[in-house]
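Scope of the values below: all heavy atoms of this structure, side chains included, with no hydrogens, waters or symmetry mates.
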Amino acid sequence: RKVKESYYRISLKLREIQIKEDTKILFDQLIKTLTNRYSLGKATQQEVLKAQTEYSRLDNDVILLREEKRINQSMLKMLLGRPQGDELLEPPLKLEPRNFKVDKSKLYGLLKENRPELLSGRAMVKKANVDRALSFQEYFPDIMLKYKREENKGGLGTWAGMIGVTFPLWFFDKQDSFVKEAKANLEEAKSQYAALENVVSYELEAALATLDAKAELAELYKTSFLPQGEAAFNSASIGFEAGRNSFLDFLDSERMLLDFKLEYAKALAELEISYAELERVVGTQLGNISVE
């Protein structure tokens with residue numbers, strides 16, 4: 001899970017850097033346009049300064065994002081057990097949305113088959129069952145067998161043997177305590193396993209709820225927020241070019257679209273990370289296909 005999380009964090013940082021760099025190109029062209037307008041008296045100095053400030057802010061963001069990308073790359077190398085000097089294959093710049101369809105009952109079956117804690121808990125219950133069965137042997141008599149061979153001077157030997165049986169007639173309290181302890185240990189193991197089942201069942205429900213929420217959020221950005229932001233930006237851009245809108249209107253629409261792009265990229269990365277968490281909860285990799 002940690003490997004996949006680091007991998008998708010790197011992918012997210014690369015995508016954010018790309019979005020910021022593309023926006024810097026836009027503002028570089030905008031600054032040239034505003035400078036020409038300012039020389040002709042069609043734009044104010046404040047508009048030019050705001051565009052330059054926005055460009056500097058984007059430049060600063062890119063520097064910070066590159067730093068975060070390097071940190072995530074170092075984390076991934078550590079998790080993979082590789083030297084920090086090794087090169088890693090770059091994750092995709094742009095993640096594609098995926099529709100994760102899962103069958104909850106099948107996931108519960110996979111969880112019980114693969115979750116290490118449950119496997120360990122069942123082994124402890126089985127051991128406690130065996131210990132309880134063996135504890136009843138304390139009531140059985142102890143049998144002792146001794147034998148020896150005696151040599152005679154003539155070369156012929158004789159055998160001698162003895163059988164002893166000890167019955168626990170007056171000490172049943174001692175044997176009862178062994179049986180009661182074994183029974184208590186069995187009940188404890190069963191209770192711990194039941195509690196563990198409740199914990200992992202909660203983890204599965206939480207992982208599924210998070211996955212569903214991330215998938216819905218990514219779909220919302222794709223089908224609603226991004227198209228609306230792009231439409232608003234295009235309208236403001238056309239209005240600004242034609243002189244109908246102010247630079248501040250254009251700047252607000254650009255910032256809104258930028259935020260939508262960044263949030264959509266984050267939603268896609270968080271969706272993949274949530275799927276990795278679901279795999280951890282289940283105890284096995286689910287692959288790139290949906291569990292149906």
- [ ] Can you run down the salt bridge (charged side-chain N to carboxylate O under 4.0 Å, His left out) pairs that involve residues 218-239, sequence neighbours left out, and say none if there aren't any?
- [x] none
Distance-only donor-acceptor pairs under 3.5 Å for side chains of residues 42-51, two or more places apart:
unit_1	atom_1	unit_2	atom_2	d
Thr44	OG1	Glu47	N	3.2
Glu47	OE1	Thr44	N	3.3

- [ ] To the nearest 0.5 angstrom, please state how far the CG atom of Leu119 sits from the CE atom of Met124.
- [x] 13.5 Å
Open item on the list: Under 3.5 Å, is there a donor on one side chain and an acceptor on the other for Thr284 and Glu279?
Closed with: no
Task: Of all pairs that satisfy ring pair (Phe, Tyr, Trp, His ring centres under 6.0 Å), the ones with a partner from residues 183-238, not counting sequence neighbours - done: Tyr221-Phe225, Phe225-Phe260, Phe233-Phe250
TODO: Scan residues 203-215 for pairs that pass side-chain hydrogen bond (donor to acceptor under 3.5 Å, both in side chains), counting only residues two or more places apart or in two chains.
DONE: Lys104-Glu205, Tyr108-Glu205, Arg115-Glu203
Open item on the list: Tell me every residue that passes side chain to side chain donor-acceptor pair (under 3.5 Å) with Glu188, counting only those two or more places apart in sequence or in another chain.
Closed with: Gln192
TODO: Go through the structure and list residues passing salt bridge (Lys or Arg N to Asp or Glu O under 4.0 Å) with Glu254, not counting sequence neighbours.
DONE: none
Task: All side chain to side chain donor-acceptor pair (under 3.5 Å) counterparts of Lys127, not counting sequence neighbours - done: Asp131
Task: Pairwise salt bridge (charged side-chain N to carboxylate O under 4.0 Å, His left out) hits with a residue in residues 67-77, at least two apart - done: Lys13-Glu68
- [ ] Name all residues meeting the salt bridge (Lys or Arg N to Asp or Glu O under 4.0 Å) criterion together with Arg1; count only those two or more places apart in sequence or in a different chain, and write none if there are none.
- [x] Glu5, Glu277
- [ ] Report the residues that fulfil side chain to side chain donor-acceptor pair (under 3.5 Å) with Thr33, sequence neighbours left out, ordered by chain and then residue number.
- [x] none
TODO: Enumerate the residue pairs fulfilling ring pair (Phe, Tyr, Trp, His ring centres under 6.0 Å) with a member in residues 26-56, sequence neighbours excluded, ordered by first and then second residue.
DONE: none
Open item on the list: The criterion is side chain to side chain donor-acceptor pair (under 3.5 Å); which residues satisfy it with Asp259, sequence neighbours excluded?
Closed with: none
